[in-house]
Asks: 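One structure follows; several queries about it will come next.
Letters go in sequence order (proteins before strands), and every chain restarts at 1.
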2 protein chains.
Amino acid sequence: MTLLRDEGLTAEELAVWRMLQRAQVRITRRLESELLVAHDLPLASYEVLMQLAEAAGRRLRMNDLADRVLLSRSGLTRLIDRLQRDGLVTREACPDDARGLFAVLTDAGAGRLAEATPTYLRGIRTQFLDMLGNGEMGQIRAMLGRLDAAGVTGAAASAAGGGAP
Amino acid sequence: MTLLRDEGLTAEELAVWRMLQRAQVRITRRLESELLVAHDLPLASYEVLMQLAEAAGRRLRMNDLADRVLLSRSGLTRLIDRLQRDGLVTREACPDDARGLFAVLTDAGAGRLAEATPTYLRGIRTQFLDMLGNGEMGQIRAMLGRLDAAGVTGAAASAAGGGAP
DNA sequence: AGGACGTTGTTGCACAGACATCTAACAGCA
DNA sequence: TGCTGTTAGATGTCTGTGCAACAACGTCCT
């Protein structure tokens, strides 16, 4: 532990990490703020509505949805509470499994989503995509794909002790 | 949802954006969790200690520090409250400006930072840097640099109304 | 000087999210 | 059929964060 050697990061590596953090926070905050002022819709809510809109039958199991929007189960419960209170989403029982619930997008929810979508897409484009050179798209995609793959397997490795490659 | 034309994102663009989001959340959560279990130190606290350690005289004005760790002023006030309660940081008056306060890293704080640093660096390496091919470092750095530059100027544009040029 | 205006940091408040815990419902097995 | 264990969601509680309001101080301008 005293000798870092292997773990030591170069100045460039550390700088890249910090830039990535800053970029991510900034992009996310601006996006959220734009959605909030223009449509009174938090980013997390937008993403729930978007996932539901894309899903078959405009519905998704709570558990499934929680995974997609990277929220804890309890977190999703409260978020769906709010969306349901605002009429954007309903809960429906699952026929196959009496424990299960579907979160279902209402027409009002689809409407709000449609209103907000241009803001969302424009935000992603101006805050993020515009900064990418054309050749970089492929590069980034490849890299993120690797991060993603390693992420899933890495979860198990990490839980198992994270030692050897 | 009818004609998005200009704002419309290709499937690839949207996919890249989502992968980026997922990757960032995953990396951050793992890092935080590792720091928490190994050193009982949240990521935000670690970053404050790190910034202070790097600063001249191990001290930084609250405002300055808030900018560096991407926290609101009030958020930083509470965080420093906690760190001070734990003896990792002290507040000291600023001689030049009676409104100002320095957050100052204590020896205990420096100790905790030193303990946690290997975990932090190893986390960044295994969660993030290992996924980058060697050639990609430069690519990413360039891209993030552009994002960063655009971010700063974009802030003014955004604050000014964000609409027409 | 003296007063308008901006800055610095803290506080009241509200809210979003996580963790632990709980209940209801399923699956398997004797 | 009655246990045991597991899974899906909901709730209680706690922490952390941002925003708006505030107090204290500095700056600038006339």
Asks: Grab the CD-P distance between B:Glu32 and C:dA18 for me, whole Å please.
Replies: 11 Å
Asks: Which is true for B:Asp97 with a 4.0 Å heavy-atom rule: it touches a base, it touches only sugar-phosphate, or it touches nothing?
Replies: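 Answer is sugar-phosphate: B:Asp97 comes under 4.0 Å of backbone atoms only.
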Asks: Should B:Arg99 be listed as having a side-chain N or O under 4.0 Å from OP1 or OP2 of D:dA23?
Replies: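 No.
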Asks: In this structure, how many angstroms lie between the P atom of C:dA16 and the CG atom of A:Leu35, rounded?
Replies: 15 Å
Asks: Write down the distance between CG (B:Leu79) and P (D:dT17), rounded to a whole number of angstrom.
Replies: 6 Å
Asks: Using whole Å, report how far CG of A:Leu101 lies from C1' of C:dC26.
Replies: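 Taking atom C1' of C:dC26 as the reference, CG of A:Leu101 is at 15 Å.
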Asks: Under 4.0 Å between a side-chain nitrogen and a carboxylate oxygen: does that hold for B:Arg82 and B:Asp86?
Replies: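 Looking at B:Arg82 and B:Asp86, the cut-off is not met.
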Asks: Report the nucleotide, chosen from D:dG18, C:dA18, C:dC26, that has the shortest atom-to-atom distance to any side-chain atom of B:Leu71.
Replies: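 So the side chain of B:Leu71 is nearest to D:dG18.
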Asks: Expressed in angstrom and rounded to an integer, what is the separation of B:Asp81 atom CG from C:dT10 atom C1'?
Replies: 9 Å
Asks: Assess whether one donor atom and one acceptor atom, taken from the side chain of B:Ser74 and the base of D:dG18, lie less than 3.5 Å apart.
Replies: yes
Asks: Treat each ILVMFWY residue as a node, draw an edge where side-chain heavy atoms are under 4.5 Å apart, and state whether B:Leu70 and B:Leu49 are in one component.
Replies: no
Asks: Does anything in residues 36-70 of chain B reach DNA chain C, meaning a heavy atom under 4.0 Å, and if so which residues?
Replies: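 B:Arg61, B:Met62, B:Asn63, in order of number.
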Asks: Rounded to the nearest Å, what distance is computed from the CG atom of residue A:Asp96 to the C1' atom of nucleotide C:dA25?
Replies: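 Answer to the nearest Å: 14 Å.
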Asks: What is the distance from CZ of A:Arg85 to C1' of D:dA10, rounded to the nearest Å?
Replies: 17 Å
Asks: Between A:Arg29 (CZ) and D:dG18 (P), how many Å, whole number?
Replies: 5 Å
Asks: Run the salt-bridge test on B:Arg58 and B:Asp107 with the 4.0 Å N-O cut-off and return the result as yes or no.
Replies: yes
Asks: One thing to verify: whether B:Arg73 and B:Asp67 come together as a salt bridge, which I'm taking to mean a side-chain N less than 4.0 angstrom from a carboxylate O.
Replies: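 Judged by the 4.0 Å cut-off on N to carboxylate O distance, B:Asp67 and B:Arg73 do form a salt bridge.
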Asks: Using a 4.0 Å heavy-atom cut-off, does B:Arg78 contact any base of the nucleic acid, only the sugar-phosphate backbone, or nothing at all?
Replies: base
Asks: Name the orientation class of the two ring planes belonging to B:Tyr120 and A:Trp17 (parallel below 30°, tilted from 30 to 60°, perpendicular beyond 60°).
Replies: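 Taking A:Trp17 first and then B:Tyr120, their aromatic rings stand perpendicular (interplane angle over 60°).
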Asks: Roughly how far apart are B:Arg22 CZ and B:Arg18 CZ, rounded to 0.5 Å?
Replies: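 If I round to the nearest 0.5 Å, the distance is 9.5 Å.
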Asks: On the nucleotide D:dT17, are OP1 or OP2 found under 4.0 Å from the side-chain N or O atoms that B:Arg82 carries?
Replies: yes
Asks: Could you tell me whether a side-chain N or O of A:Thr126 sits under 3.5 Å from a main-chain N or O of A:Arg122, the two making a donor and an acceptor?
Replies: yes
